[in-house]
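Chain A is the first sequence line, chain B the second, and so forth, proteins listed ahead of strands; every chain is numbered from 1.
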Amino acid sequence: MGFYKLLFTYYLYRMTRRVRVRFAPSPTGPLHIGGVRTALYNYLYAKKHNGDFILRIEDTDQNRLVPGAEQYIIEALKWMDIRPNEGVAFGDGPYAPYRQSDRKDSYRQYAEQLIKSGFAYYAFDTEEELEQLKAVNQNAKYDAATRLQMKNSLTLSEQEVEDRLNKKEHYVIRIKLPENEDVRFHDEIRGIVVVNTVQMDDKVLLKSDGMPTYHLANVCDDYIMQISHVIRGEEWLPSAPLHVLLYRYLGWEQVMPKFAHLPLLLKPDGNGKLSKRDGDRLGFPVFPLEWTDPKTHEISSGYREKGYLPEAVLNMLVFLGWNPGGTQEIFSKEELINLFSLEQIHKAGAKFDFEKAKWFNAEYIKKLSNNKLADLVKADIEKKFGHIATDYLSNVCGLVKERLVFLSDLSNNYGYLFKSPEIYDETVLSKVRSIKDGLPLDDLIQALINGSENDTIAIENKLKDFAVANSLKTGDLMKFIRAALVGELSGPTIPELILLLGRETSARRIENCFSQL
RNA sequence: GGCCCGUUCGUCUAGGGGUUAGGACAGGAGAUUUUCAUUCUUCAAACACGGGUUCGAUUCCCGUACGGGCUACCA
């Protein structure tokens, strides 16, 4: 009876277990857009189940630390509004600290526990000796077949091991894998995965500098922090069996988190996973924020600086590897939280499509209110053109909103809405010069300034009438006015432009342009 | 090389034992716009291949090919 009660309690526990997921990046550089997606999926899953989303910094490789990388990760998550509710920089929960280097001392006991229970051992091999192993046989691994030829606590006498440890000789702790055993586990996305231990090797758990490797630190922290689901990139799938064994040998298998290995983000062209280089090569960002390499000072562009809305990036990203079914593509974060599920995550990698990213951004800009858009571009505009009245900027936004792909397009392509063209471009002038002899400039200016029409149709009609009355082709007149107002031959409709710029300003531009014909 | 994972239009994907295999991006054509952009209409475009199972397979199974990942005292 006791057994069944235990079993029941166990299942009840599994069923009611609080969802706790984590995003655990390594601060070895700027957070890649694929990493952002991993964070996003974790976030959505946590929110969907009213669980916790934790940020844990995995900085166990002291050699690869990059200054500023941790701060970058935090800023990127904030910009994307993918906020952990627990973890580094987001408020300590019950399991602080959340930076693995700050938890360094906590891992050794588990490695030693494994030694005591016979699932791990000390290894004293030098770099040369390890190279030697490979030299003999390219495919040789540190495993059941070879470990008895190596210098470790399985081959050395107890006394010698003791001596070496006392002398503070460099050593690592390695897991001792069974020789030939199928390790099987369930992946929420891929189903049952089986790997035999002959394919694996005795991975280092504790490094000679006293730091744990990813495998140990990850398993210990996930256990201690009561992580319920490990949602991470597919690159971890091959080492998942090792982690399963670690949970088992540490006696934690009953509370082992569920695994979900995400498909990778692939290069838009060619093959392989998306990397930093691809962005530089193809001219689109692979990072959420701009990043300057502290060593080389090389700058990598970011979505934020490029003029993307974080909501658009998020919406674009969520569909690279997941789809709720149906044909809707624009979703708010709340809708995504509602719809998200692990079952609908794909198995195959997704090629990153920059054109689609642009489309999402344009859609999100179009949805913005004029005031909100004005708010977002104000700093950029004023940096370039000086102070601009808020009302005016808001009107500008209303006029050009549907023509923008990036926020930065406004200051880059519509400068004439903030500053009059002074010297007109000859290629533009040459296309409207034919009007010079037949246009009564003063009459046009008078008609414009004295007009009181305040809707676009009335202005358009007035200009058309003016053309007819002066035997001008409407098209020629319009083209000239556009050139004068804009400095180019494309843009919003002329009545809209006149209304926005004002009659005085428009008249001055026309006079100025005419004088240059 | 070995192991693991995968494969629907160019790309992201929906679907799923019987469908005209649907949508979106990009591309073509057209309409609207005096221009450009938007918007609208429209066209083209896919189940990797070979075997099974089945009355029937793009869907299930097995192979092959191809792609991806891993193979460190990196994560």
- Item | Centroid separation A:F406 to A:Y308 less than 6.0 Å | yes
- Item | Base partner of B:rG27, which must satisfy Watson-Crick or wobble distances under 3.5 Å | B:rC43
- Tell me which of A:L404 and A:H346 sits closer to the 5' end of RNA chain B, going by the nucleotide each one is nearest to. A:H346
- Query: On a whole-Å scale, what distance lies between the P atoms belonging to B:rC5 and B:rC47?
  - Reply: 26 Å
- With C1' as the reference atom in both, quote the distance from B:rU59 to B:rU7 in angstrom, rounded to an integer. 14 Å
- Query: Are A:R164 and A:Y171 in a cation-pi setup, meaning NZ or CZ lies under 6.0 angstrom from the ring centre and within 45 degrees of the ring axis?
  - Reply: no
- Any donor-acceptor pair under 3.5 Å joining the side chain of A:K203 to the base of B:rA72? no
- Any strand is fair game: report the nucleotide pairing with B:rU32 by Watson-Crick or G-U wobble, both distances under 3.5 Å, or none. none
- Task: Could you give the distance separating B:rA46 and B:rU13 at their C1' atoms, to the nearest angstrom?
- Result: 12 Å
- Message: In whole Å, measure the gap between the P atoms of B:rU39 and B:rA21 for me.
- Response: 29 Å
- Query: So what's B:rU19 paired with, Watson-Crick or G-U wobble, going by both distances under 3.5 Å?
  - Reply: none
- Query: Between A:K367 and A:Y364, is NZ or CZ placed under 6.0 angstrom from the six-membered ring centre and within 45° of the ring axis?
  - Reply: yes
- Task: For a side-chain hydrogen bond (donor to acceptor under 3.5 Å, both in side chains) with A:D202, tell me which candidate from A:K141, A:R147, A:R174 qualifies.
- Result: A:R147
- Message: Return whichever of A:K141 or A:E355 has its heavy-atom-nearest nucleotide of RNA chain B closer to the 5' end.
- Response: A:E355
- Hey, is the side chain of A:T60 poking within less than 4.0 Å of OP1 or OP2 on B:rA75, counting only N and O atoms? yes
- Message: Could you tell me the Watson-Crick or G-U partner of B:rA65, where both distances fall under 3.5 Å? Say none if there is no partner.
- Response: B:rU7
- Message: Could you check, using the six-membered ring where one of them is a Trp, whether A:F284 and A:F352 have ring centers closer than 6.0 angstrom?
- Response: yes
- Message: Please name the nucleotide paired to B:rU53 by Watson-Crick or G-U wobble geometry with both distances under 3.5 Å, or report none.
- Response: none
- Item | Identity of whatever pairs with B:rA14 - Watson-Crick or G-U, under 3.5 angstrom | none
- Message: Using atom P in both nucleotides, what's the gap between B:rC61 and B:rG6 to the nearest angstrom?
- Response: 11 Å
- Item | Distance between C1' atoms of B:rG50 and B:rC66 (Å, rounded) | 14 Å
- With both distances under 3.5 angstrom, what nucleotide forms a Watson-Crick or G-U wobble pair with B:rG1? B:rU71
- Message: Roughly how many Å apart are B:rA72 and B:rA24, using the P atom of each and rounding to a whole number?
- Response: 47 Å
- Query: For atom P, what is the distance between B:rC25 and B:rC3, given to the nearest Å?
  - Reply: 44 Å
